Amino acid sequence: MKTYISQLKDHIDGQVTVSGWLYNSRASGKLQFLIVRDGTGLCQCIVEKGSVGDELFAQLKHLGRESALTVTGTVRSDDRSVGGFELALTDAEIVCPAVDYPITPKDHGVDFLLKHRHLHLRSQRQWCIGRIRHTVIDAIRRFFNDSGFTLIDTPIFTTIVGEGEQTLFEVDYFGTPLHLAQTGQLYLESAAMSFGKVYCFGPTFRAEKSKTRRHLTEFWMVEPEVAYIDLDGLLELAENFVSSIVQRVLTEHKSELETLGADIEALKKITPPFNRLTYSQVVEILISEKCVDFMAGQLAGFNAEKTELEDQIKALEKEVAGGVKKWKQEKIAAEIAQAKARIAELEVKIENNPKHARLAAEFRWGKDLGGSDETIISLMHDKPTFVTHYPREVKAFYMKTDRANEKVVENFDLLASAGFGEIIGGSVREDDHDILLDKVNKEGYNPETYQWYLDLRKYGSVPHGGFGLGVERTVAWITGEKHIRQCIAFPRMMDKVYI
RNA sequence: UCCCCGAUAGCUCAAUUGGUAGAGCGAGCGGCUGUUAACCGCUAGGUCGUAGGUUCGAGUCCUACUCGGGGAGCCA
């Protein structure tokens, strides 16, 4: 019976056929262990000499990694096997042999793997991330669909600027310059006046000159927009939304999270309510004694870990010098390499810490929060933190001026926990026609281009707002992946597009 | 755009103070009936990123360039 590896639990002691690829294999004389993957999981297949023909036994023994094959055998439950089940092989068909597959079970460099992205997607780690990303996206859609939102597909070729002119990708549209969407928000606002609650979900393009672990030039963003909502309503929506995504991933992908080394206990704590701070409160924290102590504590922690790792390396080197078996030597060498990599990471943190501490201490009300400031706030809390009411000068023109304090706008950023930083930016939108027109002019935008957007403030304008969540950042945060380029199948970075 | 680091076998990395290239993985062959990045033995595999320079002699030192990594600014 033809089945998938994820269904093996329903076929114990039964005869099944699985089609997939050879993930890895080990041979031991008259016994072989073939690890087969089929897209739903991994399964160890046992081939004993005599249980299949001699010719097939020899063929399997020399079969290269990632060869395509179909295997037939009896399902057994066995704790020694990956996934808890194994297949005692009785027959196999080699669909297409693979020779010299370039990606090996040992370490590879980032550049090499991205050049082989089309193959690297088959790796266990990329597979786990891809599955979790799928569930994150499904959870996003389910949350909004179940909450009465209507999906609106906003255009990718756009005429208006949402976030800032420097970050636009311009395209030649039959001789007219247009640009790729940075956001669907302005279009979404018009739809909200028809449907009440709407969201868009699609790729977003930003030509930011940012070469960091948190930036892609093409990323996926979901943006809800709601009519008749205030800032408190938006915060509540956002915390319920983010919590639902995290909890869904926890229930459906425990084993993937474990494989990836994600912090499952920390994820369990991601439930409403999140922390709420105003920008002004954040400024006070940044310039406070408490922040100085916090940064000093961080630095001491980094130094202590570094010393510990250095001692560990010394001990391991001594062990090797004392004489150990060859295979043990390799294991120790791998541990040393890992410790050295961590030390390199710590050294960067140790180097940046005083700079970040100084930036925080010298922070003055009115500046936008920098990445390091966000990280500090994020590290101080084990739940995500909302930061609201930023100075209006540093924020986008469409954000609503706080009528109680005209220096600030009714916006918020959501800083994810564990130092990850921003995953959501949102705001209540300016709903007064004249104030908005004034801001359009001050930005230097052409009011004619924004005519339709201003129109929304003439015909039944209401308080409304929304936010945008970056999918890759969310996946990176949940999985503990260091770089968001691993959280999309084919990443586009500032100065490098591989395949 | 700026600052730091790097480029040696298909891959990941070593090579004392400048003295003529090494290991593991992968590949090939052989051994092993419970392996978990299996293990053990043998074999093949290199214009040391490119171009100059210093030197009796350069993988190692200097200059330029190319490519890559990390960080800063900005952001989802």
Side-chain angles (χ1 to χ4, degrees), chain A residues 23-35 42 44-51 61-62 64-65 78-83 86 99-116 124 162-164 166-167 182-183 185 204-223 325-331 333-334 336-337 340-341 344-345 347-349 351-352 355-356 359 368-372 374 394 396 413-416 420-426 467-477 482-484 493-496:
Chain A
Y23 188 71
N24 202 1
S25 65
R26 288 178 281 274
S28 175
K30 299 187 177 74
L31 182 67
Q32 293 176 44
F33 301 92
L34 308 180
I35 311 296
L42 293 178
Q44 174 163 281
C45 301
I46 312 299
V47 194
E48 287 178 46
K49 184 121 184 171
S51 64
K61 198 166 185 172
H62 293 100
R65 283 164 51 81
D78 193 314
D79 289 342
R80 292 171 295 186
S81 188
V82 271
E86 62 182 24
V99 179
D100 293 342
Y101 185 70
I103 300 176
T104 70
K106 291 279 179 179
D107 286 339
H108 297 282
V110 172
D111 191 49
F112 177 83
L113 289 176
L114 284 171
K115 277 178 180 147
H116 294 82
Q124 187 65 354
E163 295 293 325
Q166 318 88 316
T167 66
Q182 300 165 302
T183 168
Q185 179 206 316
T204 300
F205 307 89
R206 295 195 186 173
E208 281 162 12
K209 299 259 194 291
S210 307
K211 216 184 71 169
T212 81
R213 62 178 62 178
R214 300 167 38 73
H215 284 85
L216 296 169
T217 54
E218 177 181 314
F219 65 96
W220 283 67
M221 184 161 71
V222 58
E223 297 174 273
K325 289 240 169 77
K326 209 169 180 184
W327 67 269
K328 181 87 179 172
Q329 267 181 32
E330 281 166 51
K331 283 234 159 85
I336 290 175
K340 281 186 176 168
E345 244 174 72
E347 278 170 350
V348 171
K349 290 187 181 198
E351 191 194 327
N352 283 332
K355 274 189 262 172
H356 292 169
L359 278 173
D368 202 357
L369 294 178
S372 62
E374 287 181 357
V394 299
D413 281 349
L414 179 63
L415 309 182
F420 188 84
E422 184 177 350
I423 55 171
I424 284 183
F467 58 84
L469 171 115
V471 169
E472 291 77 15
R473 283 190 181 179
T474 305
V475 173
W477 168 55
K482 285 205 184 67
H483 203 301
I484 65 168
M493 276 95 58
M494 178 191 134
D495 45 13
K496 192 80 182 176

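Only a predicted model underlies this, so the values are computations on that prediction, with no experimental measurement involved. First the proteins, then the strands, lettered A, B, ... as listed; each starts at 1. Side-chain atoms are counted along with the backbone in the values below, which use heavy atoms only and exclude waters and symmetry mates.
Side-chain atoms of A/Thr474 come within 3.5 Å of backbone atoms of A/Gly470 as a donor-acceptor pair (strictly under, hydrogens ignored).
Of the two residues near RNA chain B, A/Asp107 and A/Arg65, the one whose nearest nucleotide lies more 5' is A/Asp107.
Counting only heavy atoms from C-beta on, A/His356 has its side chain closest to B/A72 among B/C32, B/G71, B/A72. Listed candidates were B/G10, B/G69, B/G71. Nearest to the side chain of A/Val110 is B/G69. Set against B/G26, B/C75, B/G73, the side chain of A/Thr212 has B/G73 as its closest nucleotide. Nearest to the side-chain atoms of A/Arg80 among the listed nucleotides B/G34, B/A76, B/C25 stands B/G34. Here the nucleotide nearest the side chain of A/Lys496, chosen from B/C67, B/U35, B/U33, is B/C67. Distances were taken from every side-chain heavy atom of A/Arg206 (C-beta onward) to each of B/G70, B/U33, B/A76; the shortest belongs to B/A76.
Counting any heavy atom pair closer than 4.0 Å across all strands shown, A/Gln44 reaches a base atom. Note on A/His108: only backbone sugar-phosphate atoms sit closer than 4.0 angstrom, heavy atoms only; bases stay farther off. Among the heavy atoms of the strands, none lies under 4.0 Å from A/Glu347.
In this structure, A/Arg214 is positioned above the aromatic face of A/Phe420, its NZ or CZ under 6.0 Å from the six-membered ring centre and within 45° of the axis.
Look at A/Phe219 and the base of B/A76; the rings stack, centres closer than 5.5 Å and planes less than 30° apart.
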